[in-house]
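Below is one structure, written out as structure tokens, with a few remarks after it.
Naming: A, B, ... by sequence-line order, numbering from 1 per chain.
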Amino acid sequence: YSSPNIAKPFHIGHIRSTVIGNSIYLIYDALGYDTVRINHLGDYGTQFGKMICAYRHWGNKEDVIKEPIKTLLEYYTKFHVEVETHPELDDEAREIFTKLEHGEKEETEIWKWFREESLKEFTRVYDMLGIKFDSYAGESFYSDKMPRFVEELKEKNLLKESEGAHIVDLEEYGMSPALITKSDGSTLYITRDIAAAVYRKEHYNFYKNLYIVASQQNLHFQQWIKIVELLGYDWAHDCVHIPFGLVSLEDGTMSTRHGRVVFLEDVLNRAVEQTKEIIKEKNVNTDNIDQTAKDVGIGAVIFQELSNNRIKDYVFKWDKVLNFDGETGPYVQYTHARAASLLRNAGDAVVKKATSLEGIDYSKICGESCYELAKLLYKFPAVIEDAGEKYEPSIVTRHVVDMAQAFNRFYHDEHILVDDESEKVAKIALVIAAKNAIANGLALLGIAAPEKM
RNA sequence: GUCUCCGUAGUUAAAUGGAUAUAACAGCGCUCUCCUAAAGCGUAGUUGUGGGUUCGAUUCCCGCCGGGGAUACCA
């Protein structure tokens, strides 16, 4: 998951795979699975031939070091402008990519350098989001693992030559043919995905191999999973494509080349800034405004991303992403902070007694809203399993909202810190349970749960 | 053209085939001498369309309408 293309900006379109993938990892980890987080970087392909070609013609080392992504993107854009009038550039770019595939030293070194510089920028955004990976083995990692499958496809009579290229005909399965090698012999995305799947089976021996990739690539996944099956690998259907809908902007589809793009880092920064203003306005006594603003602002962006069914398309709107009212991350975090505040006011002795769960008179919590809250807390583990089975973090998000709503009603209806000691302890026990459930729920989404806000 | 996904209050969305379709936002009102009002409460408003299966359909099947995506040398 995540898997951005190196040398291209990390924009709002990348947030979905990143954040959904992270949450699915967290959910499966919580369910007790051994998990490996792989960032299949888009660090290979014809585009890098173009990029290197552009760098050689118009590039400058200092500029790249100063601002890697922006500069490399300029080269890429310039290439596409120039190629209109100089079509020979395309041939040159293809040739460079072929050299790269053959491991020519000079091309490989430039490419490695681009990759490192890009990764530095991505890491900054991942740090903001609090997201880590176990492996950054991207497409390039499989560059030397593909010839084996081209041979295997030939042996099993699956490969056909067509217009100079090599294809697997999938017509009988209702799919268009899959292009395995281009007419110049170089490989494609699909070839690398087949190599990657086999590598992962051999290296990790996975139970499930999950791909959190946009629904635009549905056909691509159907094709290569079918090919893996035709190659005779019985685990083909343990590879699962988990698709999600498209993010577009109000003025159309995002397009890096046309400058129609919203940078993820800008969204996160603005959300944090706005949170800071709200904190100042409300004059909340927090120990560390910067940390709280970061937890809440970034949490808000992640939460919103995970609140709808992943398959739905949506249009990115600033006022929506910066709206913190209603069923939002800040609402849930606020509820958690309220619960934390109750525990502080209750005092250590009461909290300790309630935590021990010994001698609690549960008959003292009998209001309707207490019951509704308790019911939701009880259902939570089953909800997490359901979310895992369906690869759908929004199921957790919805339930966390429901729990927060129930807690706020309970908070409003019931006086919690009452004089009656046993009633107070019983109610605090419920508060502790709710606070833990909300914090755990947020954790499964990759969101912090501040004690104060 | 073919394949595929989506269509629910003004808006954004919920709903393993089950009871009066559920929330939030935006409206309109109300509640801080009271544990954090980033809260709570009230109010009005919804299944694109035509069939079918079923005791029962937002959900499953077929047609239509509207929108997105894919459809071999990008990834």
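Following rounding to the nearest Å, Phe410(A) (CZ) and C35(B) (P) show an atom-to-atom distance of 15 Å. Rounded to whole angstrom, the span from the NE2 atom of His80(A) across to the C1' atom of A75(B) amounts to 12 Å. Atom CZ in Phe10(A) sits roughly 20 Å away from atom P in A75(B) (whole-Å rounding). Distance Leu170(A) CG to U4(B) P: 16 Å, rounded to the nearest Å. Atom CG of Asn308(A) is separated from atom C1' of A23(B) by 12 Å (rounded to the nearest Å). We find that CD1 of Ile384(A) is positioned 18 Å from P of U16(B), with the value rounded to whole Å. Across the protein-nucleic acid pair, Ile311(A) atom CD1 and C6(B) atom P stand 7 Å apart, rounded to whole Å. The nearest whole Å value for the distance from the CG atom in Asp325(A) to the C1' atom in A24(B) is 10 Å.
Across all strands, Arg344(A) comes closer than 4.0 Å to base atoms (heavy-atom distances). Note on Glu451(A): a base of the nucleic acid sits closer than 4.0 angstrom, heavy atoms only. When heavy atoms are screened at a 4.0 angstrom cut-off, Asp402(A) is found touching no nucleic acid atom at all. Residue-level contact check: Lys452(A) touches the bases, meaning some heavy atom is under 4.0 Å from a base atom. Note on Gln274(A): nothing from the nucleic acid sits closer than 4.0 angstrom, heavy atoms only. Using a 4.0 Å heavy-atom cutoff across all strands shown, Met175(A) reaches no nucleic acid atom at all.
In this structure, Asn345(A) reaches the U36(B) phosphate: one of its side-chain N or O atoms is under 4.0 Å from OP1 or OP2. Between Arg398(A) and A24(B), a side-chain N or O to OP1/OP2 separation shorter than 4.0 Å is absent. Listed pair Lys312(A) / C6(B) fails the phosphate criterion, with no side-chain N or O lying under 4.0 Å from OP1 or OP2. Within the 4.0 Å cut-off from OP1 or OP2 of C35(B), not a single side-chain nitrogen or oxygen of Lys424(A) is found. A sub-4.0 Å separation between OP1 or OP2 of C5(B) and a side-chain N or O of Asn218(A) is absent. Within the structure, every side-chain polar atom (N or O) of Tyr411(A) is placed at least 4.0 Å from both OP1 and OP2 of C34(B). For Asn323(A) and C25(B), the shortest distance from a side-chain N or O to OP1 or OP2 is not below 4.0 Å.
Straight-line distance between the C1' atoms of G63(B) and A72(B): roughly 33 Å, to the nearest whole Å. Straight-line distance between the C1' atoms of U22(B) and A9(B): roughly 11 Å, to the nearest whole Å. Only the C1' atoms considered, U58(B) is 8 Å distant from A21(B), to the nearest whole Å. With both ends at atom P, the span from G7(B) to U47(B) equals 15 Å, rounded to whole Å. Rounded to whole Å, the separation between the C1' atoms of A57(B) and G68(B) comes to 26 Å. Nucleotides C61(B) and G18(B) are separated by 16 Å at their P atoms, to the nearest Å. Between G69(B) and G29(B), the two C1' atoms lie 45 Å apart (nearest whole Å). Taking the P atom of each, C5(B) and U20(B) are spaced 31 Å apart, rounded to whole Å.
Salt bridge Lys276(A)/Asp290(A): present, at least one basic N to carboxylate O contact under 4.0 Å. A salt bridge between Glu151(A) and Arg148(A) is absent, with no side-chain N of the basic residue lying under 4.0 Å from a carboxylate O of the acidic one. Lys154(A) and Glu161(A) are not joined by a salt bridge, as no carboxylate oxygen comes within less than 4.0 angstrom of a charged side-chain nitrogen. Between Glu229(A) and Lys226(A) there is a salt bridge, since at least one side-chain N of the basic residue sits less than 4.0 Å from a carboxylate O of the acidic one. Under a 4.0 Å N-O distance rule, the pair Glu423(A)/Lys427(A) qualifies as a salt bridge.
In this structure, Arg338(A) forms a cation-pi arrangement with Tyr411(A), its terminal cationic atom sitting closer than 6.0 Å to the ring centre and no more than 45° off the ring axis. Figure legend: Lys145(A) and Phe141(A) shown as a cation-pi pair, the cationic atom lying under 6.0 angstrom from the six-membered ring centre and within 45 degrees of its axis.
The residue among Met453(A) and Thr187(A) whose nearest nucleotide of RNA chain B is located toward the 5' end is Met453(A). Projected onto RNA chain B by closest heavy-atom contact, Lys320(A) and Asn408(A) fall at different nucleotides, the more 5' of which corresponds to Lys320(A).
Here the closest heavy-atom approach between residue Ala236(A) and residue Ile225(A) is recorded as O-CG2, 3.5 Å.
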Pairs under 3.5 angstrom, nitrogen or oxygen only, protein versus nucleotides 66-74 of chain B, please.
from, atom 1, to, atom 2, distance (Å)
G68(B), O2', Asp313(A), OD2, 3.2
A72(B), N1, Ser162(A), OG, 2.8
C73(B), O2, Ser183(A), N, 2.7
C73(B), O2, Ser183(A), OG, 3.2
C73(B), N3, Ser183(A), OG, 3.3
C73(B), N4, Glu163(A), O, 2.8
C74(B), OP2, Lys182(A), NZ, 3.4

Identify all pairs in which a protein N or O lies below 3.5 Å from an N or O of nucleotides 41-48 of chain B, and state each distance.
from, atom 1, to, atom 2, distance (Å)
C41(B), OP1, Arg409(A), NE, 2.6

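His102(A) places a side-chain N or O within 3.5 Å of a backbone atom of Thr98(A) that can act as its donor or acceptor partner.
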Checklist entry - Can you give the dot-bracket line for RNA chain B, using ( ) for pairs inside the strand, [ ] for pairs that cross earlier ones, | for pairs with another strand and . for unpaired bases, where Watson-Crick and G-U count if both distances are under 3.5 Å? => result (((((((..((((....[...)))).(((((.......)))))....(((((..]....))))))))))))....
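When the nucleotides C35(B), A38(B), A13(B) are ranked by their closest atom to the side chain of Tyr314(A), A13(B) comes out on top. You'll find that the side chain of Leu417(A) is closest to C35(B), out of G40(B), A37(B), C35(B).
The residue from Arg94(A), His80(A), Glu82(A) that alone fulfils the side-chain contact (heavy atoms from CB on, under 4.5 Å) condition with Leu89(A) is Glu82(A). Exactly one of Arg16(A), Glu305(A), Gln304(A) qualifies for a side chain to side chain donor-acceptor pair (under 3.5 Å) with Tyr314(A). That residue is Glu305(A).
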Next on the checklist: Is there a side-chain hydrogen bond (donor to acceptor under 3.5 Å, both in side chains) between Tyr136(A) and Asp43(A)? Walk through the geometry before answering.
Outcome noted: CA-CA 10 Å; Tyr136(A) 286 90; Asp43(A) 59 1; over 6 Å; no
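Checking Gln217(A) against Tyr189(A) by side-chain atom types alone, a donor-acceptor pair falls below 3.5 Å. One side chain, Glu92(A) or His57(A), offers a donor N or O that lies under 3.5 Å from an acceptor on the other.
Taking syn as a glycosidic angle within 90° of 0, C41(B) does not qualify and is anti.
Atom OH in Tyr55(A) sits 6.0 Å away from atom CZ in Phe114(A) (nearest 0.5 Å).
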